[in-house]
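Below: one structure, written as structure tokens.
Proteins come first, then strands; the chains are lettered A, B, ... in the order of their sequence lines, and each starts at number 1.
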Amino acid sequence: MARSSARTPPGVLELLPLDQIAFQGMLDTIRRNYERFGFLPVETPVMEYADVLLTKSGGETERQVYFVQSTGALEKSERPELALRFDLTVPLARYVAEHEHDLNFPFRRYQMQRVYRGERAQRGRFREFYQCDVDVVGKDALSVRYDAEIPAVIYSVFRDLAIGPFTIQLNNRRLMRGWFEGLGIADGERQMLVLREVDKLDKRGPDAVRETLTGDGFGLSGEVADRILAFVRVRSTSLADAHTQLDALGSGSETFEQGRAELREVLDLIHAFGVPESHFALNLSIARGLDYYTGTVYETSLNDHPQIGSICSGGRYENLAGNYTKSHLPGVGISIGATRLYWQLREAGLIGTAASTVKVLVTQMMPEHLPHYLALAGELRDGGIATEVVMDPSKLGKQFKYADRAGIRFVAVLGEDELARGVVTIKDLRREDQFEVARAELAAALMVELAQAEITG
RNA sequence: GUGGGCGUAGCUCAGCUGGUUAGAGUACCGGAUUGUGAUUCCGGUUGUCGGGGGUUCGAAUCCCCUCGCUCACCCCA
């Protein structure tokens, strides 16, 4: 029989167990911090009604969405009724609209699930990936103060992930639009196009952006382009500096002043939340491509690894669920692309293979004593220690090798000698060290050993 | 969706302008070592040279088509 080759489609990430453990450890850290800030868990289905997903943006998203079709419907070539979600924000909007009367507002939820995008796979770009979102959704209104809480959550997450120094960069869409208005770019669509273009400043450089802005598509004068570039080049080095830089922009339209006031309040509160000044900054080129953002926008990057780019991003949106309900539901939130983040960190050597979740391997010295080995494993498990037992006889050396490859740090050896003396030999494969412990104290002694291994590595 | 690059062992790659039986390292398996892994030594397995067609006495090598992967753009986590 001709076999088809075992392979995954491009754009998906599949991991070996020890890497999966490392990845899940990352998700655990994110979840722990989301919960620490009082966000509630929510899951939504992978598939939604196509009309629910596609009301919003149309165009670009429609090109990237995967439709779900049953075989029967496929044969009748009907228009697909269902599609796979491409982010967690649109399902959140649907969720809030659907359960509006059963939810408490402000509604604080977090959601960590996979999303799907039908785009050409690229280095570090996936077609199936995890997003870890936190959002606060208000009813009728949501104070700008919540815009400051989100960076506090982000700070807490990345501090715990311990992947080096990072900066949460902030900007405000109102401030930008107000600035553009002052330059005579009043049309909303046109502002959006300019926003998208200046968002690429760090990637393409000021010369390339200037060329595009003054080119055929935009037709801006050189003077206007220069004023835009001067604006988006603003970066702050401290909280006081941020305020000084905002002052230096001069006065502007009502929208502009509103944006500036919001930004000031958010910056001050982020500091009050306890985020060190070294970890957040003003960056007026941060715009975000998505058009539903209305106010504050965020993007976080690692200071020592600029090539990785944004590791987390989000912002404020004024009318989240406008497509599903008459209620006015403003929100603010961010998303961590966990799959991409993990992949990038591994590429950069910032994250390695984890140790196994299995803490001890009980070896099989003499096959006739298997019941002893099973009993020993039972004692360890009752003591809360994840334990595996070698079930088939083989050379001890092989069993050690198995443990080593499997990432199991400790092996328990119980031979004739140990049985006679009521002790167990424990070997730490990492430290190449072994010791004997009385059978009755085994679990307790190992717990100490494991705690110590956790600290010293 | 638009445009470039690359396909040789599980992985990283060598293989000069066509020339016998396609190689190295690594990984894997076995042994040295029947109460001790990762190091060392010895031995072994591994390929439709991406696929199809053409040129030729002869193709991994040259030509065409196709498939796959990959990079950039659009967009974005």
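- In this structure, CZ of A:Phe410 is placed 16 Å from C1' of B:A38, rounded to the nearest angstrom.
- Rounded to whole angstrom, the span from the CD1 atom of A:Ile154 across to the C1' atom of B:A77 amounts to 12 Å.
- Of the candidates B:C75, B:G37, B:C76, the closest approach to any side-chain atom of A:Gln64 belongs to B:C75.
- Under 4.0 Å is where a charged nitrogen must lie from a carboxylate oxygen, and between A:Glu35 and A:Arg32 no such pair does.
- Counting non-hydrogen atoms under 4.0 angstrom, A:Val115 reaches nothing in the nucleic acid.
- Not a single donor-acceptor pair, N or O on each side, falls under 3.5 Å between the base of B:U36 and the side chain of A:Gln399.
- Note: CG (A:Asp433) to C1' (B:G37) measures 14 Å, nearest angstrom.
- Map A:Ile311 and A:Arg204 each onto its nearest nucleotide of RNA chain B; the residue landing nearer the 5' end is A:Arg204.
- Residue A:Lys395 has no polar side-chain atom (N or O) positioned under 4.0 Å from OP1 or OP2 of B:G37.
- Neither OP1 nor OP2 of B:C76 sits under 4.0 Å from any side-chain N or O of A:Arg340.
- A salt bridge does not link A:Asp226 with A:Arg233: every distance from a Lys NZ or Arg NE/NH1/NH2 to an Asp or Glu carboxylate oxygen is 4.0 Å or more.
- Ionic pairing of A:Asp87 and A:Arg117 is not present here: no N-O contact between side-chain nitrogen and carboxylate oxygen is shorter than 4.0 angstrom.
- The nearest whole Å value for the distance from the OH atom in A:Tyr292 to the C1' atom in B:A77 is 11 Å.
- Spacing between atom CD of A:Gln364 and atom P of B:G35 amounts to 13 Å, rounded to whole angstrom units.
- In summary, A:Arg421 and A:Glu436 engage in a salt bridge, as defined by a charged side-chain N under 4.0 Å from a carboxylate O.
- Positionally, the nearest nucleotide of RNA chain B for A:Gly415 lies more toward the 5' end than for the other of A:Glu432 and A:Gly415.
- Note on A:Glu98 versus A:Arg94: salt bridge recorded, some NZ/NE/NH1/NH2 to OD/OE distance being below 4.0 Å.
- The P atoms of B:U66 and B:U2 are separated by 14 Å, rounded to the nearest whole Å.
- As a whole-Å value, the separation of A:Phe126 CZ from B:A77 C1' is 10 Å.
- Separating the NZ atom of A:Lys398 from the P atom of B:U34 is a distance of 12 Å, rounded to the nearest angstrom.
- Comparing the same atom, P, in B:G10 and in B:C28 gives a spacing of 15 Å after rounding to whole Å.
- If you check B:C75, B:U36, B:A77 against the side chain of A:Phe400, the one that comes closest is B:U36.
- Remark: the separation of the C1' atoms in B:A14 and B:G30 is 29 Å, to the nearest Å.
- Across all strands shown, A:Ser313 has heavy atoms under 4.0 Å from sugar-phosphate atoms exclusively, and none from any base.
- Separating the C1' atom of B:C62 from that of B:G3 is a span of 27 Å, rounded to the nearest Å.
- Distance check on atom C1': B:A59 versus B:U17 gives 14 Å, rounded to whole Å.
- Counting non-hydrogen atoms under 4.0 angstrom, A:Arg125 reaches a base of the nucleic acid.
- Remark: the A:Arg405 side chain and the B:A38 base include no donor-acceptor N/O pair separated by less than 3.5 Å.
- Ion pairing of A:Arg439 with A:Glu379 is present here, as a side-chain N (NZ or NE/NH1/NH2) and a carboxylate O approach within less than 4.0 Å.
- Residue-environment remark: CD (A:Glu14) stays at or below the threshold of 12 foreign heavy atoms within 6.0 Å.
- Using a 4.0 Å cut-off between charged nitrogen and carboxylate oxygen, A:Glu48 and A:Arg85 do not count as a salt-bridge pair.
- Judged by distance alone, with hydrogens and angles left aside, A:Lys427 brings a side-chain donor or acceptor within reach of the base of B:U36, the pair sitting under 3.5 Å.
- Looking at heavy-atom distances under 4.0 Å, A:Arg196 makes contact with sugar-phosphate atoms alone, never a base.
- Remark: A:Glu262 does not engage A:Arg173 in a salt bridge, criterion side-chain N to carboxylate O under 4.0 Å.
- In this structure, A:Lys200 reaches the B:C74 phosphate: one of its side-chain N or O atoms is under 4.0 Å from OP1 or OP2.
- Nucleotides B:G44 and B:C13 are separated by 27 Å at their P atoms, to the nearest Å.
- The separation of B:C63 from B:G23, taken at their P atoms, amounts to 25 Å, rounded to a whole angstrom.
- Computed from coordinates, the A:Glu299 CD to B:C75 P distance equals 14 Å when rounded to whole Å.
- Across all strands shown, A:Glu418 has heavy atoms under 4.0 Å from base atoms, whether or not it also approaches the sugar-phosphate.
- Residue A:Asp87 is classed as having no contact, given no heavy-atom separation below 4.0 Å to the nucleic acid.
- Within 6.0 Å of OH in A:Tyr146 there are 12 or fewer heavy atoms belonging to other residues, nucleotides or ligands.
- Between the side-chain ring of A:Tyr402 and the base of B:G37, no stacking contact exists by the 5.5 Å and 30° definition.
- Straight-line distance between the C1' atoms of B:U33 and B:C42: roughly 13 Å, to the nearest whole Å.
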A correct dot-bracket answer for RNA chain B, with pairs being Watson-Crick or G-U at under 3.5 Å, [ ] for crossing pairs and | for inter-strand pairs, is (((((((..((((.....[...)))).(((((.......))))).....(((((..]....))))))))))))....
